[in-house]
Structures are given as structure tokens and as C-alpha cells.
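The structure appears below as C-alpha cells.
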Amino acid sequence: SKAEIVAYRLKGGDALVATRVKSGGAGDRVGLKEAAVVVAVCGKPPAYLAETGKAIEEHIKKGDLELTILNGGKEETLKMLLDKAPPLSP
């Protein structure tokens, strides 16, 4: 499962915002919510959407993914075990 993401440039760096989280999917199971601000993917800031997509595809192959989100102004790390999924579209 994957969340749709939108890139934003925030003070202090780039971030992504989940605009849709599939009910019952990996993100939903670990508590990812719509409008969550993602400040790191697999431990790295999401500098460019294309690079983030590549990192996500690599972790999908491995079956895991780690997102760092802002929750109430504090960083929280969500570790997901992923279902088998097709590669992400560019």
C-alpha cells in the first residue's frame, strides 16, 4: 500500500504530506494519517520527490519502510512492514 504524497518546502527543509492513506494498508496499520507531515524517508530528508520515490521502491523490495513524521510538533518514526506492491510510478 502507498500513500499519495505532496512535496512542500518548509522552513528548515523539505517535507512531504500524505494526502491519502489506504484503509487497512501498511501506513494505516502503523498510524499514518492523512495530512501527516513526513520529514524523513528511510532516515533521509525528502530532498527531491524522485529520490524519495527511488528510496521507497528499494524498501518495498525489502518489505519495510521507515517514515519520520511530525506529530504534535515532535518527530515520530513509523516503521512499516509492507505488502507486496507494484513499483511506484514516476
Side-chain angles (χ1 to χ4, degrees):
S1 68
K2 62 183 177 181
E4 288 184 6
I5 50 179
V6 176
Y8 285 90
R9 183 167 299 275
L10 301 178
K11 185 176 181 178
D14 293 334
L16 304 172
V17 175
T19 59
R20 182 177 55 135
V21 178
K22 181 180 175 183
S23 179
D28 184 41
R29 290 192 303 264
V30 297
L32 183 64
K33 304 288 185 206
E34 289 183 9
V37 178
V38 180
V39 295
V41 177
C42 309
K44 297 182 181 179
Y48 300 101
L49 193 55
E51 288 179 15
T52 301
K54 289 176 188 175
I56 290 172
E57 283 184 352
E58 288 301 313
H59 282 271
I60 285 174
K61 290 176 189 174
K62 295 178 186 176
D64 68 354
L65 182 67
E66 184 177 286
L67 299 177
T68 304
I69 64 169
L70 291 178
N71 186 3
K74 296 182 181 180
E75 288 188 3
E76 176 183 345
T77 300
L78 303 177
K79 295 181 181 181
M80 294 182 270
L81 295 177
L82 302 173
D83 303 326
K84 298 263 182 184
L88 297 175
S89 301

Where [X] and [Y] come nearest, the two heavy atoms and their spacing:
X: Gly31; Y: Leu78; result: C-CD1, 4.5 Å
X: Val37; Y: Val17; result: CG2-CG2, 4.4 Å
X: Gly43; Y: Ala40; result: C-CB, 4.2 Å

Completion exercise
The side chain to side chain donor-acceptor pair (under 3.5 Å) partners of Glu76 (sequence neighbours excluded) come to Asn71

Exercise for the section: Just jot down the side chain to side chain contact (heavy atoms under 4.5 Å, CB included) partners of Lys79, sequence neighbours excluded, or say none. Expected result: Glu66, Thr77

Problem - Reported CD-to-CD1 distance for the pair Glu75 and Ile69, which is rounded to 0.5 angstrom - result: 10.0 Å

Practice task
Using a 4.5 Å cut-off on heavy atoms from C-beta on, say whether the side chain of Leu67 contacts that of Val41.
Solution key: yes

Completion exercise
From the list Asp28, Val30, Asp64, side-chain contact (heavy atoms from CB on, under 4.5 Å) with Met80 holds only for Val30

Handout entry: Exam field: side chain Arg29 to backbone Gly24, donor-acceptor pair closer than 3.5 Å
Key = yes

